[in-house]
Amino acid sequence: MKRRDFSKNLSWAGIAGLIGVPAVFSRKMADGYVPLALQDPDPFSLFDKDPEMTVLNDRPWNMEAKAHLLNDSITPNKYMFVRNNGKVPQNVHIENWTLTIDGESAKTKKTYTLQQLKSRFKQYTYQLTLECGGNGRSEFDPPAKGNQWTVGAVSCAKWTGVRLRDVLNDVGIEDSAVYIGYHSADTHLSGDPNKEPISRGVPIKKALQNETLLAFQMNGNDIPLVHGYPLRLVCGGWPASTSGKWVNRLSIRDKVHDGPKMGGSSYRVPCETIAPGTKVDDQNMCIIESMPVKSLITFPKTGAIVPLGKKLSINGHAWAGELEVTKMEYSIDFGSTWTPCKLNPPVNRLAWQQFEAEVAFPKKGYYEVWGRATDSKGKSQPMVLPGWNPKGYLNNACHRIAIKVV
Ligand SMILES: Nc1nc2c(c(=O)[nH]1)N[C@H]1C(S)=C(S)[C@@H](COP(=O)(O)O)O[C@H]1N2
Ligand SMILES: [Mo]
């Protein structure tokens, strides 16, 4: 229950009804005080998340999965990470929800209701990998400020919606178009209604890809509120910050979009590699586009115990931004030698791919299984932390799990 609804709607008798017993000194409670027993529920039930998820922040809410929770090939809501920059919009009414397309490079300005979007344009469903640019940040040294994501800020759900391209073409795109920028209904943490928490976008070329969707469903149901209900931009393979939640306006820009979190060092890395800890001028920071090749061993859970002589089945996912993963390998000797895994193709472009292997161990003792993916351009995951950068983005080092053979 939300505090506001509570103070508006409940009598003391109502409170007693909810708690199940009378509040003995209820008359002594200050006006507007919310009894502990009725304070906001834990975030897991609030957002329908599994209690094994890790909460990294509550203002704003940020939550990640542990590797073993991401074992499904299609990520269910309960294991999907939450990354908010502001406050989740309340009182969303889909009957009144509209999407306006405007901007310097829009031929006209048009507004669509959700119903119009759904009925006027063909609908498509794709499984799309969304990884936060800061996934893996916790390993950076010197450390980077922000949510200390470990490995679980990645998901691959099934998104249904209309192609952004079809809607933009319906509005008309001028030749001058360079970028699109999204605007959303979430509100700034400061409470200032004129401030947007985040307004990012992608180059027009990415906006016009088949798989770039204006989605209204996730895994066959309405998108959960915290993931962008009722309308979300989904740009698979790119930092998930480009996938605007609660989208109500999109601008076709004649320059690189300049909304909050587009400039400075936000979602940018040094254009040239630098030594850890180096200060970099803003003009030498470049916008992150396609995410780098990466993989996650989602089974077994780290710490598994295996009897000697029994092979261990491992499996997980691999993805490579705009590219496909063409090779997946594992190592049990700290990266000295590598053995190929069986790797499946993606169900569609920009979806993660499943891998599996049967791992044999030579004798009793402690092992680590490391996973390494290689993309279609021949780039592999690094074994150690790659390219230090001030904000701690793009850590795609090999994932590893600990195993004891007994
Ligand atoms: N409107 C809006 N869209 C947003 C954000 C946000 O705070 N507000 N966060 C972005 C970031 S940084 C990420 S990583 C993804 C997270 O998506 P999820 O919470 O659905 O997993 O949403 C992106 N879209
Ligand atoms: Mo993010």
Side-chain angles (χ1 to χ4, degrees), residues 43 46-49 53-57 59-65 69-70 75-90 92 97 99 128-138 144-159 161 180-190 195-202 212-219 222-250 257 259-262 265-269 287-288 291 391-395:
L46 189 63
F47 300 124
D48 277 325
K49 298 296 174 187
M53 296 283 283
T54 310
V55 175
L56 298 181
N57 196 354
R59 282 157 295 169
W61 284 112
N62 287 289
M63 232 184 252
E64 73 167 331
L69 299 178
L70 290 169
T75 312
N77 176 48
K78 64 179 173 178
Y79 299 137
M80 184 182 266
F81 77 100
V82 173
R83 167 46 170 148
N84 291 328
N85 289 265
K87 293 190 217 176
V88 177
Q90 300 294 323
V92 171
W97 194 274
L99 174 75
L128 297 166
T129 309
L130 292 186
E131 182 180 16
C132 180
N135 196 22
R137 176 179 290 140
S138 63
K145 286 205 196 96
N147 288 297
Q148 296 300 300
W149 305 109
T150 64
V151 295
V154 60
S155 68
C156 192
K158 222 158 62 173
W159 297 93
I180 58 122
Y182 68 73
H183 300 276
S184 310
D186 47 345
T187 51
H188 199 266
L189 291 174
S190 64
K195 270 191 178 166
E196 292 179 285
I198 184 168
S199 168
R200 304 201 67 236
V202 290
T212 300
L213 295 181
L214 277 168
F216 32 77
Q217 284 198 335
M218 188 182 104
N219 296 339
D222 283 349
I223 301 174
L225 178 63
V226 78
H227 295 296
Y229 176 84
L231 190 67
R232 172 175 203 170
L233 178 63
V234 191
C235 305
W238 283 46
S241 53
T242 60
S243 292
K245 307 194 271 190
W246 315 291
V247 171
N248 52 25
R249 181 156 78 91
L250 279 173
H257 182 57
K261 308 231 166 159
M262 278 302 300
S265 55
S266 293
Y267 303 103
R268 290 177 182 234
V269 290
I287 299 175
I288 301 169
M291 293 293 285
K391 288 288 196 83
Y393 296 124
L394 306 185
N395 175 6

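Quick note: residue numbers are just sequence positions, from 1. We count ligands from 1, going down the list as the structure has it; atoms in each ligand are counted the same way.
The protein non-hydrogen atom at the shortest distance from atom 24 (N) of ligand 1 is S243 O, 3.0 Å. Scanning all protein heavy atoms for the shortest distance to atom 12 (S) of ligand 1 gives Y267 OH, 3.0 Å. In terms of protein heavy atoms, atom 2 (C) of ligand 1 is closest to D186 OD2, 3.3 Å. For atom 10 (C) of ligand 1, the nearest non-hydrogen atom of the protein is S241 CA, 3.7 Å. Of the protein's heavy atoms, K245 N, 2.9 Å lies nearest to atom 3 (N) of ligand 1. When hydrogens are left out, the protein atom nearest atom 15 (C) of ligand 1 is A240 O, 3.5 Å; that is the closest non-hydrogen contact. From the protein, the heavy atom lying nearest to atom 16 (C) of ligand 1 is R83 CB, 3.6 Å. For atom 9 (N) of ligand 1, the closest non-hydrogen atom of the protein is N85 ND2, 3.2 Å.
Neither the backbone nor the side chain of E131 has a heavy atom within less than 4.0 Å of ligand 1. Only side-chain heavy atoms of S184 come within less than 4.0 Å of ligand 1; its backbone N, CA, C and O stay farther off.
The line from OH of Y267 to OG1 of T242 is 10.0 Å long, rounded to the nearest 0.5 Å. With rounding to the nearest 0.5 angstrom, the OH atom of Y79 is 14.0 Å from the CE atom of M63.
A heavy-atom distance below 4.5 Å is not found between the side chains of D186 and N84. The side-chain heavy atoms of P224 and M218, taken from C-beta on, include a pair separated by under 4.5 Å. Considering only heavy atoms from C-beta on, R83 stays 4.5 Å or farther from E64 through its side chain. Considering only heavy atoms from C-beta on, K391 stays 4.5 Å or farther from V269 through its side chain. Looking only at side-chain heavy atoms (C-beta outward), Y393 and R137 come within less than 4.5 Å of each other.
Close approach of ligand 1 to I198 is summarised as follows: ligand atoms under 4.0 Å from at least one heavy atom of the residue are 2 (C), 5 (C), 6 (C), 7 (O), 8 (N). For ligand 1, the atoms lying closer than 4.0 Å to a non-hydrogen atom of N84 are 7 (O). Residue-ligand proximity, C132 to ligand 1, at heavy-atom distances under 4.0 Å covers atoms 14 (S). Atom numbering of ligand 1 starts at 1 in the shown order; those under 4.0 Å from a heavy atom of V82 are 19 (O).
In summary, of the residues considered (N248, V202, I198), a side chain to side chain contact (heavy atoms under 4.5 Å, CB included) with Y182 occurs for I198 alone.
Under the 4.0 angstrom criterion for non-hydrogen atoms, K261 is not in contact with ligand 1. Within the 4.0 Å heavy-atom shell around ligand 1 one finds G244.
When only interatomic distances are considered, the shortest N/O to N/O separation between W246 and ligand 1 does not fall below 3.5 Å.
Which of K87, E64, H227, R232 comes nearest to atom 22 (O) of ligand 1 through a heavy atom is settled by distance: it is R232.
In terms of modelled atom types and a separation under 3.5 Å, the side chain of W159 and the main chain of L214 share no donor-acceptor contact.
Ring geometry, H183 versus H257: the interplanar angle exceeds 60°, so the pair is classed perpendicular (tilted spans 30 to 60°).
Other residues, nucleotides and ligands contribute over 12 non-hydrogen atoms within 6.0 Å of the NZ atom of K261.
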